[in-house]
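See below for the structure under consideration.
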Number of protein chains: 2
Amino acid sequence: MRIGELARRTGVSERALRYYEEQGLLRPERLPSGYRVYTELDVAAVRRVRLLLAAGLSTAQINEALPCMVDEDELLQPKCSGLVDALAAHRDRIEEAIGELESTRANLNALIGRARPVG
Amino acid sequence: MRIGELARRTGVSERALRYYEEQGLLRPERLPSGYRVYTELDVAAVRRVRLLLAAGLSTAQINEALPCMVDEDELLQPKCSGLVDALAAHRDRIEEAIGELESTRANLNALIGRARPVG
DNA sequence: CTTGACTCTCACGTCAACGTCAAGCTTTAC
DNA sequence: GTAAAGCTTGACGTTGACGTGAGAGTCAAG
């Protein structure tokens, strides 16, 4: 398929898809005309990219992460574990922030008296 | 204390502290000279700001979050719960990313055969 | 009262992840 | 074969969270 269809199927703009290629996250074939040609695999690849972007990774980090997420064997273990660790650290920071907010909310609930259950 | 000391004590640059004020996250007093004067409370406030920034919130979101984290009563409940929800959603996205990476890692471990335990 | 450390307010620079034209090929439809 | 739709490569604009001086006032010490 070409860039327009991939954009529609992934919900990602053409500009973003070209940007991902520029960053080495996608490597589409080219027609003699210069048109980019993508495969079904690229649909999944774009989904992964968006997932990792949403999780807070940079394109550079994703560049290291993507090889880890392809179901092929090439022994790219070591990099992978580092990435999982980094993500886990990120998650921990978020957990901490949530914890502080929740405890403060609990304090407020207590102070206010007729504490609303949760929502 | 003045800005230099607060910067040293929090590990945050003076530029950042002025920026936080510009965004309404800090409201230091001023000396007749114009010098900013901070209190001990501001040390904790800066810590909270950094925590939330690290968790992925924008200064605008933090502006809504900070009132929730002050241990005073003023019934600012409703905003709070929305924020906790937003943070939780963010965390969930990260959990998802971690999950995918971990399962792929497991797959690779299986493929490679002599699977290294965890690290 | 002068030096040096500290602080002030502009104001432009940066980096990432795109948005948004512009100008010009290519492919598809009729 | 021509118009519309789709694609190409630039290249400049944008937003957020600051970095980095510039030029000038202020405060503590000798």
Inset, instruction - Compare all side-chain heavy atoms of A:Leu87 with those of A:Leu57 and state whether any distance is below 4.5 angstrom. - result: yes

Inset, instruction - Kindly indicate whether the side chain of B:Ile98, heavy atoms from C-beta on, has any atom under 4.5 Å from the side chain of A:Arg91. - result: yes

Inset, instruction - Please state whether the base of C:dC6 and the side chain of B:Tyr35 form at least one donor-acceptor pair under 3.5 Å? - result: yes

Inset, instruction - May I ask you to test the B:Arg47-B:Leu51 pair for a side-chain heavy-atom distance under 4.5 Å? - result: no

Inset, instruction - State whether B:Arg36 places a side-chain N or O below 4.0 Å from either non-bridging phosphate oxygen (OP1 or OP2) of D:dT26. - result: no

Legend entry - Shared hydrophobic cluster, B:Leu66 / B:Leu53 (ILVMFWY, side-chain heavy atoms < 4.5 Å): yes

Inset, instruction - Mark up nucleotides 11-18 of chain C, 5' to 3', with B wherever a protein heavy atom is under 4.0 angstrom from a base atom, S wherever such an atom reaches only the sugar-phosphate, and - elsewhere. - result: B----SBB

Inset, instruction - Calculate the interatomic distance between A:Glu21 atom CD and D:dT8 atom C1'; express it in whole Å. - result: 11 Å

Legend entry - Contact nearer the 5' end of DNA chain C, comparing A:Glu14 with B:Arg2: B:Arg2

Legend entry - Euclidean distance, atom OH of residue B:Tyr38 to atom P of C:dT7 [Å, nearest integer]: 10 Å

Legend entry - Length of the line joining B:Leu6:CG and C:dC6:P, which is rounded to integer Å: 15 Å

Legend entry - Under 3.5 Å: donor-acceptor pair, side chain of A:Asn63, backbone of A:Gln23: yes

Inset, instruction - Enumerate the residues from residues 24-34 of chain A whose closest heavy atom to DNA chain D is under 4.0 Å, giving them by residue number; use none for an empty result. - result: A:Arg30, A:Gly34

Legend entry - B:Glu5 CD to C:dA5 C1', straight-line distance once rounded to whole Å: 15 Å

Inset, instruction - Return yes if some donor-acceptor pair links the side-chain N/O of A:Gln61 with the main-chain N/O of A:Ser58 below 3.5 Å, else return no. - result: yes

Inset, instruction - Evaluate the side-chain proximity of A:Met1 to A:Arg8: yes if any heavy-atom separation is below 4.5 Å, no if none is. - result: no

Legend entry - Verify same cluster id: A:Ile62, A:Val43 (apolar side-chain graph, 4.5 Å): yes

Inset, instruction - Select base, sugar-phosphate, or nothing to describe what A:Arg18 touches, counting heavy atoms under 4.0 Å on all strands. - result: base

Inset, instruction - May I ask whether B:Leu25 and B:Tyr38 are part of the same hydrophobic cluster, defined by side-chain heavy atoms of I, L, V, M, F, W, Y residues being less than 4.5 angstrom apart, directly or through others? - result: yes

